[in-house]
Amino acid sequence: MCGIVGFVDNKIADKKPVIEAMMDTIKHRGPNSSGELVNEDTALGFRRLSIIDINSGMQPIYNEDKSKAVIFNGEIYNYQGIREELIQKGHTFTTETDTEVLLHGFEEWGIEELLKRIRGMFAFVIYDLETGDITGARDFFGIKPLYYYNKNGTFIFGSEIKSFLKHPNFVKELNKQALKPYLTFQYSALNETFFKNVFRIPEGHYFKFHKGKLQIKKYWDVDFKEKQDSLENTVKKIDEALRESVKAHAISDVPVGSLLSSGVDSSYVTAILKPQHTYSIDFDTSTYEEGSAAKELAANLGLENTRGIVTADEAMKSIPLIQYYMDEPDSNPSCVPLYFLTKLASRDVTVILSGEGADELFAGYANYGYHSHSKTVRVVAEELKKLPKGVRYKLAHGLKKLPNFPGRLHLYESTAKAEEFFIGQAKVFSEQEAAKVVKPDFEKSRSVKEIVMRSYRKVADYQDEVKKMQYLDLHQFMANDIILKADRMSMANSMELRVPFLDKKVAELAETIPTKYLLNSKDSKYALRVAAERALPKAWAKREKLGFPVPIRDWIHTEKVYNEMHELFSEDFAGEFFDQDMILKMLDGFYKGENDDRRKIWTIYTFLIWYKVYFINDGAKPDIDPQVKVAYSNQ
């Protein structure tokens with residue numbers, strides 16, 4: 001696990017100090033060592049966190065005649081078999097790393113064929129020293145980040161945007177169109193980031209930079225096509241696929257642990273892996289508590305569990321640092337526990353396995369059609385889903401107009417077009433509310449509908465509304481929030497976080513599973529839960545999804561935090577973005593118990609903290625070292 005940076009710029013005579021400054025900003029991604037390449041108009045930089053072939057895996061790595069070089073962030077889980085095949089074809093390897101497989105594989109097969117063969121999480125760049133061409137790719141799901149800036153003859157790329165700030169020809173400018181959608185989605189929802197002219201290489205895409213021209217092309221996408229099979233066979237295949245994936249994800253020359261919540265996803269991974277170390281996190285409040293359940297499961301499996309406790313003071317103190325590491329504002333409260341959880345785990349291990357991706361691939365979210373706690377409502381909804389599309393849609397329109405009654409929302413969302421109501425897992429401000437709270441300069445942006453239709457148009461021929469929702473979440477919520485924060489919060493603590501559910505082979509299986517086995521009157525993520533019973537006690541396999549519960553309600557209700565937020569919302573720069581009377585009224589009303597706008601308040605708060613870090617303080621890393629207390633460790 002590493003960090004990569006690079007640029008092409010003929011206006012900079014001495015590139016070495018520039019690439020070194022860029023590398024220094026992402027030292028947290030690779031504290032063990034660094035490497036660089038400076039050649040004519042191009043410079044590449046690399047920071048290493050040693051995982052595989054610790055002694056000889058330094059990058060950039062060159063091919064036999066030193067005509068090509070590679071820098072790489074990630075892990076290729078099937079590299080050993082590909083390596084043997086390339087050796088048989090005459091390639092000479094100088095290391096035991098997975099990185100070198102990418103370089104020789106590119107030489108042998110070209111970029112598209114290489115991407116078809118590999119399995120893993122990655123962002124890599126291959127530079128041809130003779131032609132000056134740069135070819136790079138980002139993994140199937142976007143687990144590893146990769147950004148670029150291509151303006152006025154300067155092409156910059158890297159794992160984190162903060163490194164771009166060190167380039168003298170990078171123009172830092174706020175992308176005003178990003179703010180209003182962020183207020184709805186809680187994350188940066190556009191292709192262009194919060195930094196003007198900085199874009200993501202999309203998940204499942206590769207790029208070629210040739211003589212100043214940038215081309216980006218899709219090479220992979222999830223394709224949900226149900227195949228009829230028995231539930232028993234489906235469950236067997238899920239268990240086999242995940243066990244094989246966990247085994248592949250456990251390959252490492254350094255210690256491997258796992259994150260453990262009370263949910264089925266991380267618990268299932270942990271039960272298969274059976275690592276020496278597991279980790280859980282709690283807050284110093286009785287509102288939410290997961291640690292005892294995690295400890296109980298660890299004890300049941302005969303594993304050690306270390307539980308961290310985060311105080312309200314430490315949590316709030318960490319927000320500027322968290323927003324610094326995130327690069328762009330993200331108001332998902334679970335960034336906080338994930339930061340402290342990986343900080344806790346970094347005391348013992350360098351690699352950690354987690355459960356991200358299971359909800360998107362195996363239909364685990366309530367708003368896929370599992371809102372109601374009434375089994376009767378769920379059974380009725382399941383029958384309604386069998387109606388012809390035209391009849392279902394007409395029924396949904398009727399349900400939408402009716403006065404509310406228990407189960408109405410569940411029945412409506414079980415019969416309506418996904419495009420009519422579903423924008424993903426996060427919805428903080430409505431689009432109308434967001435337009436009212438921002439100043440006129442920030443009102444113009446892509447609409448919420450335009451943003452989600454980028455994904456919906458690609459699955460317009462899908463007959464199943466749940467599959468549409470899964471597809472949208474994979475490309476919106478998961479790619480831009482869930483796995484982005486997983487990468488950022490783990491790398492902030494120099495940890496490699498691996499996600500066995502987000503494996504190409506697991507996805508290929510998940511694509512084929514009928515929705516009736518995933519979401520039905522019995523449960524969400526049903527087939528996965530049944531499969532999990534092969535590794536977990538039944539009670540754990542059936543546990544309700546909580547995510548990472550975070551007590552922001554309790555925090556904002558404290559006088560100290562309220563005063564801090566009030567002061568921030570009152571600052572002059574806050575008035576450049578928001579109607580200050582409106583946001584202060586919102587905050588005061590919540591503090592007095594007159595509304596429950598905590599998520600809206602938190603979303604505004606995190607944006608203002610982020611802006612202060614990157615634009616008022618010019619991207620300087622906050623001088624903060626939040627601490628996490630160890631409550632117990634059942635060694």
Side-chain angles (χ1 to χ4, degrees), residues 140-142 202-204 218 220-231 233-235 237-238 241 265 356-371 378 381-393 395-396 410-426 449 451-480 482-483 501-531 545:
F140 316 99
F141 301 98
E203 63 278 6
K218 182 167 75 173
W220 186 88
D221 200 358
V222 67
D223 185 15
F224 289 106
K225 289 184 178 177
E226 294 186 0
K227 291 182 180 177
Q228 295 308 311
D229 200 349
S230 68
L231 176 61
N233 280 343
T234 300
V235 167
K237 289 175 183 177
I238 291 173
D265 306 331
E356 281 84 358
D359 289 312
E360 289 80 7
L361 287 174
F362 294 93
Y365 291 118
N367 54 0
Y368 288 165
Y370 203 78
H371 279 294
R378 297 202 299 264
E382 204 168 328
E383 291 302 311
L384 293 178
K385 287 179 181 179
K386 298 174 183 177
L387 294 171
K389 277 204 306 185
V391 177
R392 277 192 287 116
Y393 295 162
L395 178 60
H410 185 108
L411 295 175
Y412 166 70
E413 294 189 357
S414 296
T415 52
K417 282 184 180 180
E419 300 95 312
E420 291 184 1
F421 70 91
F422 186 74
I423 67 166
Q425 295 309 315
K449 184 175 181 179
I451 291 168
V452 300
M453 285 307 296
R454 291 180 312 197
S455 294
Y456 279 133
R457 275 192 291 270
K458 295 172 185 174
V459 291
D461 61 339
Y462 278 24
Q463 300 299 307
D464 190 308
E465 304 303 321
V466 172
K467 300 300 187 194
K468 290 183 185 178
M469 290 187 271
Q470 288 178 266
Y471 185 89
L472 176 70
D473 271 339
L474 278 162
H475 289 289
Q476 278 285 139
F477 182 58
M478 190 184 78
N480 296 332
I482 294 297
I483 55 178
F501 281 106
L502 292 179
D503 173 74
K504 187 164 67 170
K505 289 189 177 181
V506 174
E508 286 169 356
L509 170 63
E511 288 173 345
T512 68
I513 298 174
T515 297
K516 65 182 179 181
Y517 292 157
L518 299 178
L519 192 74
N520 53 43
S521 61
K522 297 176 182 177
D523 218 330
S524 63
K525 224 161 26 184
Y526 178 69
L528 179 69
R529 293 180 186 277
V530 176
K545 176 179 176 58

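Count residues from 1 along the sequence. All of these numbers come straight from a predicted model, not from anything done at the bench.
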Could you tell me whether [X] and [Y] have a side-chain N and a carboxylate O separated by less than 4.0 Å?
| X | Y | value |
| --- | --- | --- |
| Glu383 | Lys386 | yes |
| Lys505 | Asp503 | no |
| Asp265 | Lys525 | yes |

Check against side chain to side chain contact (heavy atoms under 4.5 Å, CB included), Lys237 and Asp229: CA-CA 11 Å; Lys237 289 175 183 177; Asp229 200 349; 2.8 Å; yes

When the ring planes of His475 and Tyr471 are compared, do they come out parallel, tilted or perpendicular, using 30° and 60° as the limits? tilted

Heavy-atom count around Lys504 NZ within 6.0 Å, excluding the residue itself: above 12? yes

For atom NZ of Lys458, is the number of surrounding heavy atoms from other residues, nucleotides or ligands below 6.0 Å larger than 12? yes

Is it true that a side-chain atom of Asn520 and a backbone atom of Asp523 form a donor plus acceptor pair closer than 3.5 Å? yes

So, Glu226 side chain and Thr512 main chain: donor-acceptor pair closer than 3.5 Å or not? no

Give the C-alpha distance, both sets of side-chain angles, the deciding distance and a yes or no for side chain to side chain contact (heavy atoms under 4.5 Å, CB included) between Leu518 and Lys467. CA-CA 11 Å; Leu518 299 178; Lys467 300 300 187 194; 3.7 Å; yes

Mind listing the closest non-hydrogen atom pair of Glu360 and Asp473 along with its distance? CG-CB, 4.0 Å

Show the nearest heavy-atom pair for residues Glu465 and Lys389, with the distance to one decimal. OE2-CD, 4.5 Å

